[in-house]
J.: 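Here you go, one structure.
So you know, we letter chains A, B, ... as the sequences are listed, proteins then strands, and number each from 1.
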Amino acid sequence: MAEARAASAPVLTTHELTRRFGGLIAVSNVSLSLHQGELHAVIGPNGAGKTTLVNMLSGQIRPTAGRIALEGREVAGEPVWRMTRLGVGRSFQRTNIFPSLSVEENVRLAAQAVCKLRRNPFKPARREADLIEKAHNALQRVGLGGVTTRLAGTLSHGEQRQLEIAMTLAGDPKVLLLDEPLAGMGPEESQRLTSLLKGLAREHAVLLIEHDMDFVFAVADWMTVMAEGAVLAEGTPAAIRANAVVQEAYLGGHA
Amino acid sequence: MLPRSTAGRVLLGAGALLLGAMPVFAQPYYVELGTYALISAMLALSLQLLVGCTGLVSLGHAAFYGLAAYTVYLITPANNGVSILITLPAAVAAAGLAALIVGALSLRTRGFFFLMVTLAFGQMVFFIFHDTKLGGGTDGAFLSRPLLSILDWELPLTRRQRPIATYYLSLGLLIAMYLSLVLILRSLFGRVLEGIRVNEHRMQALGFNTYRYKLAAFVIAGLLAGVAGHMWAMHRGFVNPELIGWHRSAEALLMILMGGLTTLHGPIIGALAFTGLGEFAQLITERKLLVEGLVILFVVLALPKGLSGIGMPRWMRRSPTTDGSARAAAEARTHG
Ligand SMILES: Nc1ncnc2c1ncn2[C@@H]1O[C@H](COP(=O)(O)OP(=O)(O)O)[C@@H](O)[C@H]1O
Ligand SMILES: [Mg+2]
């Protein structure tokens with residue numbers, strides 16, 4: 001299996017990552033690696049621990065045990081804002097935006113958050129043309145270039161999902177963690193996102209959580225199957241499709 | 001937060017002019033009352049940076065205001081006024097330093113706990129001055145008012161002109177404070193505060209260390225409250241622990257609530273209305289607090305945007321943002 005893997009060195013690796021909530025082990029000894037230029041899909045039934053895994057990788061919650069290395073640097077337990085600044089960007093399963101701010105402002109803030117340049121914080125925000133341009137580029141990429149002045153809360157559900165991804169992109173991530181980005185999107189928007197995702201996977205290390213199996217098998221380079229917090233299987237989409245354990249435990253008669 | 005329509009700006013400018021003309025025709029008593037209202041407006045406005053702009057409700061804000069007033073008392077020798085060029089920076093610095101310490105600790109908590117921790121800190125400062133002889137104890141203490149002087153030269157003012165000068169100084173500082181906050185809210189820093197108010201978790205996920213931004217806002221608010229506290233000491237020539245207590249902090253919150261949580265001019269309007277209301281209630285009844293309470297209750301329940309939300313017909317309230325969104329929506333309809 002390993003020969004099918006991208007040759008590049010891993011950008012992010014986890015080693016026996018574990019998270020308990022009281023007596024419940026939500027994520028149990030998960031070791032995986034994300035590579036530059038690879039779209040790594042994590043699938044598994046509801047409650048398998050996928051979101052919890054992403055929450056640990058993005059710094060939202062601390063691992064109970066285990067390690068996370070980003071470009072060789074140990075980062076487990078770093079606060080979420082530092083993880084983002086180190087290059088781990090994520091989108092949320094449940095839309096998480098600033099409804100009362102304009103679409104542009106939502107994305108501009110994302111660009112502002114990670115800019116390395118030292119700026120005078122009291123400079124008027126609308127004079128920072130580079131941040132605004134970055135916001136517009138990200139909005140263009142997800143197909144929201146025409147609605148930048150609208151208030152984010154007035155967008156349709158699908159458009160808000162696109163905005164969520166634009167915000168993640170504007171943060172210049174090296175690692176992209178996408179938690180069910182297609183949930184609630186219409187077919188046309190999904191189509192656009194599919195091609196966007198394929199493009200993104202070339203430049204980033206992408207971890208994708210998605211329930212739509214046709215979609216996952218079409219775009220993934222590598223897959224990890226989780227069940228009850230643990231890794232059930234890992235491999236190329238073809239290998240996963242053929243895996244008897246996965247067949248039985250999760251895919252049912254799908255493949 | 002900011003008035004976006006031209007009509008709104010014109011109204012604010014007219015209000016400022018009216019305040020500027022007031023001492024020309026008002027009796028000395030009302031000039032002094034006006035000064036007190038302007039100082040309250042500064043306190044409420046400084047608190048608005050936390051409450052309305054960042055979403056942090058503090059119940060200890062008067063501590064910085066009172067501490068500034070006491071600083072003026074503590075650095076002024078008996079019977080010998082000190083130049084405002086010394087008292088104002090000293091008072092503001094003391095307030096800012098206290099805000100840095102209180103903020104650094106209290107901002108580690110959120111919501112209700114933040115409210116309680118700021119209350120506790122405020123009461124601690126209150127009892128420092130209430131229970132020790134540092135500033136005259138419970139009774140408070142008189143002080144020589146700061147002088148409008150540079151080096152050895154003092155602005156020649158008669159006894160009757162002095163309160164008027166204090167009025168104009170307060171008005172000038174209030175306007176300067178308002179304009180500074182307008183600039184702050186438009187800045188990169190101000191946009192972050194707004195983001196924190198709307199969705200702090202998302203701001204953290206975007207890569208903002210929100211604690212630092214909240215602390216900076218807390219310190220700026222403390223510095224500005226210090227300006228107000230200094231002007232109180234200059235206005236009354238007297239300090240007492242009531243300046244610090246939670247009661248004063250709660251009053252500032254009520255002014256914001258009355259004037260409007262969503263604008264910068266709201267707290268100013270709220271403070272002027274609150275002071276006027278207190279005066280009026282005192283005239284007509286012995287139950288001043290009851291009347292005050294009822295009126296405030298009515299305003300808050302009847303006007304969700306506070307006093308600053310009324311009086312403007314719809315067409316005057318139109319702002320570039322809603323214009324933009326309306327246009328975009330129309331475009332979307334024609335294209336879709
Ligand atoms: N904050 C939390 N507190 C307690 N239990 C949690 C928390 N977050 C997730 N869980 C539990 O952990 C398990 C994994 O959840 P989650 O990671 O959301 O799964 P998935 O995203 O794969 O559907 C579930 O049983 C869920 O109830
Ligand atoms: Mg999930």
J.: Please evaluate residues B/Q204 and A/M83 with respect to the criterion side-chain contact (heavy atoms from CB on, under 4.5 Å), reporting the C-alpha separation (whole Å), side-chain torsions for both, the decisive distance (0.1 Å), and the verdict.
T.: CA-CA 10 Å; B/Q204 289 173 335; A/M83 291 301 281; over 6 Å; no

J.: Just checking heavy atoms, which of residues 48-58 of chain A are less than 4.5 Å from chain B?
T.: none

J.: Below 4.5 Å from any heavy atom of chain B, which atoms of A/R108 appear? Answer side chain, backbone, both or neither.
T.: side chain

J.: Which answer fits A/E128, side chain, backbone, both or neither, if we ask what part of it has an atom under 4.5 Å from a heavy atom of chain B?
T.: side chain

J.: Looking at CH2 of A/W81 and CZ of B/R212, how far apart are the two atoms once the value is rounded to the nearest 0.5 Å?
T.: 5.0 Å

J.: Check A/A113 against B/F208 and note the closest heavy-atom contact, atom names and distance.
T.: CB-CE1, 3.3 Å

J.: Check each atom of A/L86 against the heavy atoms of chain B and say whether the ones under 4.5 Å are side chain, backbone, both or neither.
T.: neither

J.: Considering residues, nucleotides and ligands other than A/R20, do more than 12 of their heavy atoms fall under 6.0 Å from its CZ?
T.: no

J.: Considering only heavy atoms and a distance below 4.5 Å, find which of A/P99, A/P121, A/A110, A/S100 pairs most often with chain B.
T.: A/P121

J.: Should B/H201 and A/F92 count as side-chain neighbours, where that means a heavy-atom distance under 4.5 Å?
T.: no

J.: Under 4.5 Å from any heavy atom of chain B, what part of A/L101 do you find: side chain, backbone, both or neither?
T.: side chain

J.: Quick one: of A/Q112, A/R85, A/M167, who has the most non-hydrogen atom pairs under 4.5 Å with chain B?
T.: A/Q112

J.: Please set out all donor-acceptor pairs under 3.5 angstrom arising from side-chain atoms of residues 255-263 of chain B, sequence neighbours excluded.
T.:
| from | atom 1 | to | atom 2 | distance (Å) |
| --- | --- | --- | --- | --- |
| B/T263 | OG1 | B/G266 | N | 2.9 |
| B/T263 | OG1 | B/S308 | OG | 3.3 |

J.: Tell me whether the count of non-hydrogen atoms from other residues, nucleotides or ligands lying under 6.0 Å of CD in A/E71 goes above 12.
T.: yes

J.: Tell me if the CZ atom of A/F21 is crowded by more than 12 foreign heavy atoms within 6.0 Å.
T.: yes

J.: Under 4.5 Å, counting heavy-atom pairs only, tell me which of B/V198, B/I184, B/N209, B/N199 racks up the most with chain A.
T.: B/N209

J.: Which distance, rounded to the nearest 0.5 Å, do you find between the CD of B/E194 and the CD of A/E105?
T.: 7.0 Å

J.: At a heavy-atom separation under 4.5 Å, does A/R127 approach chain B through its side chain, its backbone, both, or neither?
T.: neither

J.: Using modelled atom types and a 3.5 Å cut-off, is there a donor and acceptor pairing between side-chain atoms of A/T84 and backbone atoms of B/L206?
T.: no

J.: Say you draw a straight line from CG of A/L109 to CE of B/M203; how long is it, rounded to the nearest 0.5 Å?
T.: 4.5 Å

